[in-house]
Number of protein chains: 2
Amino acid sequence: MATIQGVAELAGVSTATVSRALAGKSTVSDTTRRKVEDAAHQLGYVASATASSLASGRTRNVGFVLPVLGSWYYGSVLKGANRALADAGYDITLYHLEDTDRHPERRERLFAEFLQRKRVDAFIAVSVELTEAELTRIHGLRKPMVGVGGPLAGVTTLSLDDRAVAHLATSHLTSLGHRSIGYIGGEEADNLDFQLPRHRREGYEAALAEAGISADPRHRAIADFTIQGGYEAAKQLLGDPRVHPTAIFAASDEMAIGAILAARDLGLRVPEELSVIGIDGHELGEFFELTTVDQHPVEQGRLAAAALLAELRTGAAGAAGVALELPYELKVRRSTAVPPGERA
Amino acid sequence: MATIQGVAELAGVSTATVSRALAGKSTVSDTTRRKVEDAAHQLGYVASATASSLASGRTRNVGFVLPVLGSWYYGSVLKGANRALADAGYDITLYHLEDTDRHPERRERLFAEFLQRKRVDAFIAVSVELTEAELTRIHGLRKPMVGVGGPLAGVTTLSLDDRAVAHLATSHLTSLGHRSIGYIGGEEADNLDFQLPRHRREGYEAALAEAGISADPRHRAIADFTIQGGYEAAKQLLGDPRVHPTAIFAASDEMAIGAILAARDLGLRVPEELSVIGIDGHELGEFFELTTVDQHPVEQGRLAAAALLAELRTGAAGAAGVALELPYELKVRRSTAVPPGERA
DNA sequence: CTGAAAGCGCTTACAG
DNA sequence: CTGAAAGCGCTTACAG
């Protein structure tokens, strides 16, 4: 394990010069730089992150805070962020805000201890809901932070326009001629959350209204964003003779896939007898030929990292509090078509 | 941002004593300890990880190396490891060995730069296939390392007995009376990999032999461990009139789910006309009522962390090179039953 | 363009 | 049980 001392001796210069040369500072002559690089390469020298951090105040490490590990969505965002940060020379340290209800002490410890260690230069937080107290603590750290799925008070946030996304998905169905459109959404609990379920329902209703269709509570079902939940909710909608939708819009792809499976079990052909559309761009969407509004999670991670790197470069967390909009895209696959009896 | 200085002044002791008191060293009197703790609490002091690491040589940070981000399996292992390590006061820094074929320079940089920064005390590597050169570099770091899914030369490895697992799954089918059992496995490329596909096939064949059934190459299909791959492979097996299996054993749950969906599309009822079993314990297994051999990925992560913490505590990487066996468990759900025509 | 020196904020022998 | 002091391995004003 070579140290900067060893490199300095081998190259015949001071450690200060080694540090400058390897950091790519412009104040080093080309000859010297080459000597230093050769020596460093020969010894396999890489500066100790720990010593470098203590001296410079920069860790080249970003904290990534997320509530779920093992799901496709969060993993994808993480992947996109990691790629962009690694390319910029940054590591990622993980902070899993797991299962607050059952393990409040773990969450407490995360904010009281782990986040206070000054191990990272900045944070990315995905779909994290923070209390006032937690937000105060985060701000007390005085580190740049970018949220995905916000908004978080005083934090730069990248978020999806959930109303617009739901409006687009529903309009896709009305423009095909559907008039009886079921909706599978999430619980609209009045808690810390980001209002995502409510916004998506509002987008759905706005699109219905535009098409001159009156919203009917019997056309709506609540689920938990999983395949199983979507399956059960769809069975309720499809099994109710008073509803009889010709299309279903689900607020997530997994719920939409559940709806497709429910339709199959009920003997309904998709899309001939039932159209289904979701939101996400889930990896399983292709296999199920699911029409969806893709929110490009990997790209979301990349954008979050890019925004953070920009704040890190300019120094001041100048952009703090700004809200940026994430891109989305309608992807029409086989699961949506004109209503039954309207084929050309 | 309080420093150890501030705490020392407030408590009226030296910084050395603050350090010792907060580290829980036994050589501090109870009164002093209390004074220090009060002062630290009052100031919201937490030792800087960076300064502590440089002084002590310990980072309280573990590197987690994995080839895939965004999949259920790796996310689950990560979750289990993170939980156990966080409870012991450790952070996790992520090293994503992504897509080596398309981005060899990223992989190279990871080994040449990121891993050399001495940011972590130890490594956990999941299903990572390393070249000789990479292994040499890792060993040059002289840090404890635990592999999951190994084996890696000179590294403590936790692995599944793939032959035994496949044998168990297949025997479950033969013991129900199945004689014509299809197999969906993975490509047995002769590369760096861990021979997992080969071992699972061998376990399948051994169980067949025990039941007096001769192995037939036409009963085997190759896929890529995904739902889509399993679906296509199952269609081949089920569509071939010369094969006509009454059961399918897939080397992963996702492929098994693909097989269930293929059976549905071919009008075959599961389990009445076709039994299906997988390996994994995938979160979707319950919804599809899939019989499986659960390999408990979250628990695998926990065990890896525990093994690593043990090495870290005893100092010497004493257990290096040891191979430990991971637990597994047959979970019988609705997707397997006696062959057609044999119901009581 | 380069070097000597201070300093980042801790931990830990060493002495007492 | 406690403190003074050295040292971990870098970076960065400061001088030249």
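Order of the sequence lines fixes the chain letters, A, B, ..., with proteins taken first and strands second; residue numbering starts at 1 for each chain. The figures here come from the full heavy-atom set of this structure, side chains too, leaving out hydrogens, waters and symmetry mates. Since the model is a prediction, treat every value here as computed from it, not as a measurement.
Comparing D:dC1 with D:dA5, their P atoms are spaced 23 Å from each other, to the whole Å.
Residue contacts shown for A:Arg117 are absent, as no nucleic acid heavy atom lies under 4.0 Å away. Heavy atoms of B:Thr50 sit nowhere under 4.0 angstrom from any nucleic acid atom.
The side chain of B:Ser14 has D:dG3 as its nearest neighbour among C:dG3, D:dG3, C:dG9.
Taking the charged nitrogens against the carboxylate oxygens, A:Glu98 and B:Lys79 have no contact shorter than 4.0 Å, which rules out a salt bridge.
As the counterpart of C:dG3, D:dC14 is assigned, both hydrogen-bonding distances of the Watson-Crick or G-U wobble pattern falling under 3.5 Å.
A pairwise comparison of heavy atoms in A:Arg109 and B:Gly89 identifies NH2-CA, 3.4 Å as the closest pair.
DNA chain C is contacted by both B:Ser56 and A:Ala55; A:Ala55 maps to the nucleotide lying nearer its 5′ end (nearest heavy atom per residue). Residue whose closest nucleotide on DNA chain C sits further toward the 5' end, between B:Leu54 and B:Arg20: B:Leu54. Residue B:Thr32 is the one, among B:Thr32 and B:Ala51, whose nearest nucleotide of DNA chain D lies closer to the 5' end (criterion: closest heavy atom).
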key: CA sep, side-chain torsions, deciding dist, call: A:Arg34, A:Glu37, salt bridge (Lys or Arg N to Asp or Glu O under 4.0 Å)   = CA-CA 5 Å; A:Arg34 210 140 331 135; A:Glu37 280 167 356; 5.6 Å; no
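We find that OH of A:Tyr45 is positioned 7 Å from C1' of D:dG9, with the value rounded to whole Å.
Taking only side-chain nitrogens and oxygens, A:Ser19 comes nearer than 4.0 Å to OP1 or OP2 of D:dT11.
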